[in-house]
Enquirer: 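I'd like to ask you about the structure that follows.
Keep in mind that the numbers below use all heavy atoms, side chains included, and drop hydrogens, waters and symmetry copies. Below, chain A is the first sequence line, B the second, and so on; all start at residue 1.
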Amino acid sequence: MDDLFDSIDMNGAPAREGIAEGAVLLHGKALPYETALLAAVDVIAAQAPFRRMVTPSGYVMSVAMTNCGRAGWVTDRTGYRYDRQDPDSGRPWPAMPPVFRVLAAEAALEAGYGGFAPDSCLINRYLPGARLSLHQDKDERDFSQPIVSVSLGLPAAFQFGGVKRKDAVKRYPLRHGDVVVWGGPSRLFHHGVLTVKDGTHPLLGRQRINLTFRAAL
DNA sequence: AAGTCACA
DNA sequence: CGAC
């Protein structure tokens, strides 16, 4: 159940916005961690470089991906799965940095999901023109655990729909530092990201980075 | 099919 | 928005 009232910051903008049953957008939640998050992404990407994966139907995704944690989400011609190893290197994914765990657990708790302990973080890099079409996160073992999504860099329009693909979809602008948490009744809701527009972010330049935390195994 | 295209 |  969402709170009766959204919290309001000093500028009058909602800091916490309910977007569906069990789903919350936490505006600017990641800002206190931005420097540590970005440094950690660089370390991870040096060990497991961003790569554009292939879908089962043979298309190359516009979003470039890497992972950290005990398992990483991957796709290839054989399908979607969580893999403990980076298929490109054969090595385990880089460990999940403590700052990642802390932010994900804090955000989940604020959304009403205590004890969130993600074992996987998918890191998505959107250059201008990249997009992610409407889909469900359903490759995880335990749907009782929520999803935590952290936005960094260029803004993007987040689509959030329902459990059925034809359900109505709403759009929410996501800016640097925003965190979306969804779970419970909305755990399997369809979601996506519209084509990222060109622009320049002071810290990240011409890119959007998204961190998606999941309990996958 | 987490993508792309055809068509209304 | 549906078909592939």
Enquirer: Could you walk me through whether A:Phe160 and A:Phe189 pass the ring-ring contact (aromatic ring centres under 6.0 Å, His included) test, one step at a time?
Expert: CA-CA 7 Å; A:Phe160 205 66; A:Phe189 278 16; 5.8 Å; yes
Enquirer: Just checking A:Asp139: base, sugar-phosphate only, or nothing, at a heavy-atom cut-off of under 4.0 Å?
Expert: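 Base: the residue A:Asp139, judged by heavy atoms under 4.0 Å, touches a nucleobase.
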Enquirer: Which of the following nucleotides, B:dA2, B:dT4, B:dA1, is nearest to the side chain of A:Ser57?
Expert: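 Looking only at side-chain atoms, A:Ser57 lies closest to B:dA1.
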Enquirer: Is there a donor in the side chain of A:His190 and an acceptor in the side chain of A:His135, or the other way round, less than 3.5 Å apart?
Expert: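 No pair is found: no donor N or O on one side chain lies under 3.5 Å from an acceptor on the other.
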Enquirer: Rounded to the nearest angstrom, tell me the gap between atom CG in A:Leu134 and atom P in C:dC1.
Expert: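 Taking atom P of C:dC1 as the reference, CG of A:Leu134 is at 10 Å.
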Enquirer: Counting any heavy atom closer than 4.0 Å, what does A:Thr75 reach on the DNA or RNA strands: base, sugar-phosphate only, or nothing?
Expert: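 The answer is nothing, as A:Thr75 stays clear of every strand by at least 4.0 Å.
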Enquirer: Measure CD/A:Gln159 against P/C:dC1 and give the value in whole Å, please.
Expert: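 The distance from CD of A:Gln159 to P of C:dC1 comes to 11 Å, rounded to the nearest Å.
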Enquirer: For the pair made of CG in A:Leu132 and P in B:dT4, what is the distance, rounded to whole Å?
Expert: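 From A:Leu132 CG to B:dT4 P: 11 Å.
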Enquirer: Working to the nearest 0.5 angstrom, can you tell me the gap between A:Leu188 CG and A:Lys164 NZ?
Expert: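 It is 14.0 Å, given to the nearest 0.5 Å.
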Enquirer: Can you tell me how far C1' of B:dA2 sits from CH2 of A:Trp73, to the nearest Å?
Expert: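 Result: 5 Å.
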Enquirer: Using purine N1 to pyrimidine N3 plus N6-O4 or O6-N4 for Watson-Crick, or N1-O2 and O6-N3 for G-U wobble, both under 3.5 Å, which nucleotide pairs with B:dA8?
Expert: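 Check on B:dA8: unpaired, no WC or wobble geometry under 3.5 Å.
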Enquirer: Return the value, rounded to whole Å, for the distance between atom NZ of A:Lys166 and atom P of C:dG2.
Expert: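 After rounding, the reported distance stands at 6 Å.
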Enquirer: How many whole angstroms separate atom CG of A:Asp137 from atom P of B:dA1?
Expert: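 One finds 14 Å between P of B:dA1 and CG of A:Asp137, rounded.
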Enquirer: At 4.0 Å (heavy atoms only), tell me whether A:Arg81 reaches a base, stays on the sugar-phosphate, or touches nothing.
Expert: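 No contact.
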Enquirer: Would you call the rings of A:Phe213 and A:Phe100 parallel, tilted or perpendicular, taking 30° and 60° as the class edges?
Expert: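 Geometry flag for A:Phe100 against A:Phe213: perpendicular rings.
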Enquirer: Without decimals, in angstroms, what is the distance between A:Glu140 CD and B:dA2 C1'?
Expert: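 From A:Glu140 CD to B:dA2 C1': 12 Å.
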Enquirer: For B:dA1 and B:dC5, measure between their C1' atoms and round to the nearest Å.
Expert: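 Comparing C1' positions in B:dA1 and B:dC5 gives a spacing of 13 Å.
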Enquirer: Nearest whole Å is fine: how far is B:dA2 C1' from A:Asn124 CG?
Expert: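 A:Asn124 atom CG is separated from B:dA2 atom C1' by 9 Å.
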Enquirer: Less than 4.0 angstrom between a side-chain N/O of A:Tyr80 and OP1 or OP2 of B:dA2, yes or no?
Expert: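 Result: yes.
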Enquirer: Less than 6.0 angstrom from the centroid, inside 45 degrees of the normal: does A:Arg187 satisfy that with respect to the ring of A:Phe143?
Expert: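 Relative to the ring axis of A:Phe143, which defines the angle, A:Arg187 lies outside at least one limit.
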Enquirer: Select one nucleotide: of B:dA1, B:dA2, B:dT4, the one nearest the side-chain heavy atoms of A:Pro56.
Expert: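 Of the candidates, B:dA1 comes closest.
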